[in-house]
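The residues of the chain are indexed from 1 along the displayed sequence.
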Amino acid sequence: MSTYDSLHRQCQTLESLFDVKLTSYSRLASTVTSGADVEAGGSAERWKDLEFEVGDLLEKLGESNDKLSELTSDSENPLSPSMLRTIQRHREIYNDYVREFRRTKTNVQHALDQANLLSGVRNDIDAYKSSAADSLLAERGRIDSSHRMTDDILDQAYETRAEFGRQRTSLSSINTRMAGVLNTMPGINNLLGMIKTRRRRDAVILGVIIGLCMISLLSYMFR
């Protein structure tokens, strides 16, 4: 029964190794679910490596179980009831490991997909924040430019008002000097008065002449 003993020990060794690797593989799902960065932590690479190792161990364990099952059909070397129970037990353990591996593989894949989705969402949020910050900076630059333009216009308005003030002061000074000149020269005022009087007299004479002409014209027309 050396073949049986060898296969039995091989199954035990593979089962022990598979249990350790499957535990590590399950912990990976917990690590990813906890929010660790998949790319930064290398979870995707570890997942692939562990999945390959666990799958390889499970395949070898299945082959060993198949070889043990072949021994049960050897009529020349019949197995004892305890050996048959051991073979059955190895087969049950193998089937349990197959189901556990499939379940854990699904969980790990789901956790990785979720982590990748969250990572994508975070990247989108970071990109949006960066874009929003750039937009705010650009808007602030436009507002600052508008403020500078407004300040320039106000400065020009203040300068124009100051210039009008200076011109008004200059004109007042000129009027004051002219009034002073006229006051210091009475003859000019008399001359201006005489000119105005003569103009009024000429206007009266012209009005009288025009009136006489109109009366003569009407008298001629109604004879």
To which residues is V20 joined in a hydrophobic cluster, defined by side-chain heavy-atom contacts under 4.5 Å among Ile, Leu, Val, Met, Phe, Trp and Tyr, whether direct or through other members?
none
For S26 and T104 the tightest heavy-atom approach is OG-CG2, 3.3 Å
Going from OG1 on T23 to CG on L50, what distance comes out if it is rounded to the nearest 0.5 angstrom?
11.0 Å
Here the gap from I87 atom CD1 to T72 atom OG1, rounded to the nearest 0.5 Å, amounts to 6.0 Å
From D49 CG over to K21 NZ, what is the distance, rounded to the nearest 0.5 angstrom?
9.5 Å
Output all residues satisfying side-chain contact (heavy atoms from CB on, under 4.5 Å) with E139, sequence neighbours left out; order by chain, then residue number.
R142, I143
Considering only Ile, Leu, Val, Met, Phe, Trp and Tyr, and joining two whenever side-chain heavy atoms are under 4.5 Å apart, list the other residues clustered with I209.
I205
Residues which pass salt bridge (charged side-chain N to carboxylate O under 4.0 Å, His left out) with E63, listed by chain and number, not counting sequence neighbours
none
How close do L71 and T3 get, heavy atom to heavy atom, and via which atoms?
CD2-CG2, 4.2 Å
Look at the side chain of S73 and the backbone N and O of E70, then say whether any donor-acceptor pair between them is shorter than 3.5 Å.
yes
Can you list the residues that meet the side-chain contact (heavy atoms from CB on, under 4.5 Å) rule with R200, with sequence neighbours excluded?
K196, T197
Mind telling me whether F101 and Y25 have parallel, tilted or perpendicular rings, with 30° and 60° as the class edges?
tilted
Evaluate E51 against K48 for side-chain contact (heavy atoms from CB on, under 4.5 Å), listing each step before the verdict.
CA-CA 5 Å; E51 184 179 284; K48 292 178 183 178; 5.8 Å; no
Residues in salt bridge (charged side-chain N to carboxylate O under 4.0 Å, His left out) with K60, at least two apart?
D56
Listed partners of R103 passing salt bridge (charged side-chain N to carboxylate O under 4.0 Å, His left out), at least two apart
E100
Rounded at 0.5 Å granularity, tell me how far CZ in R89 sits from SG in C11.
12.5 Å
Compare all side-chain heavy atoms of T86 with those of Y4 and state whether any distance is below 4.5 angstrom.
yes
Taken in chain and number order and not counting sequence neighbours, the residues that satisfy side-chain contact (heavy atoms from CB on, under 4.5 Å) with R91 are N65, D66, S69, Y94, N95
Cluster companions of M214 among Ile, Leu, Val, Met, Phe, Trp, Tyr (side-chain spacing under 4.5 Å)
L206, I210
Rounded to the nearest 0.5 Å, what separation is found between the CG atom of L68 and the CD atom of Q10?
8.5 Å
Which residues satisfy the side-chain contact (heavy atoms from CB on, under 4.5 Å) test with S16, sequence neighbours excluded?
none
Which residues satisfy the salt bridge (charged side-chain N to carboxylate O under 4.0 Å, His left out) test with D96, sequence neighbours excluded?
R99
Pairing residues for H90 by the ring pair (Phe, Tyr, Trp, His ring centres under 6.0 Å) criterion, not counting sequence neighbours
H8
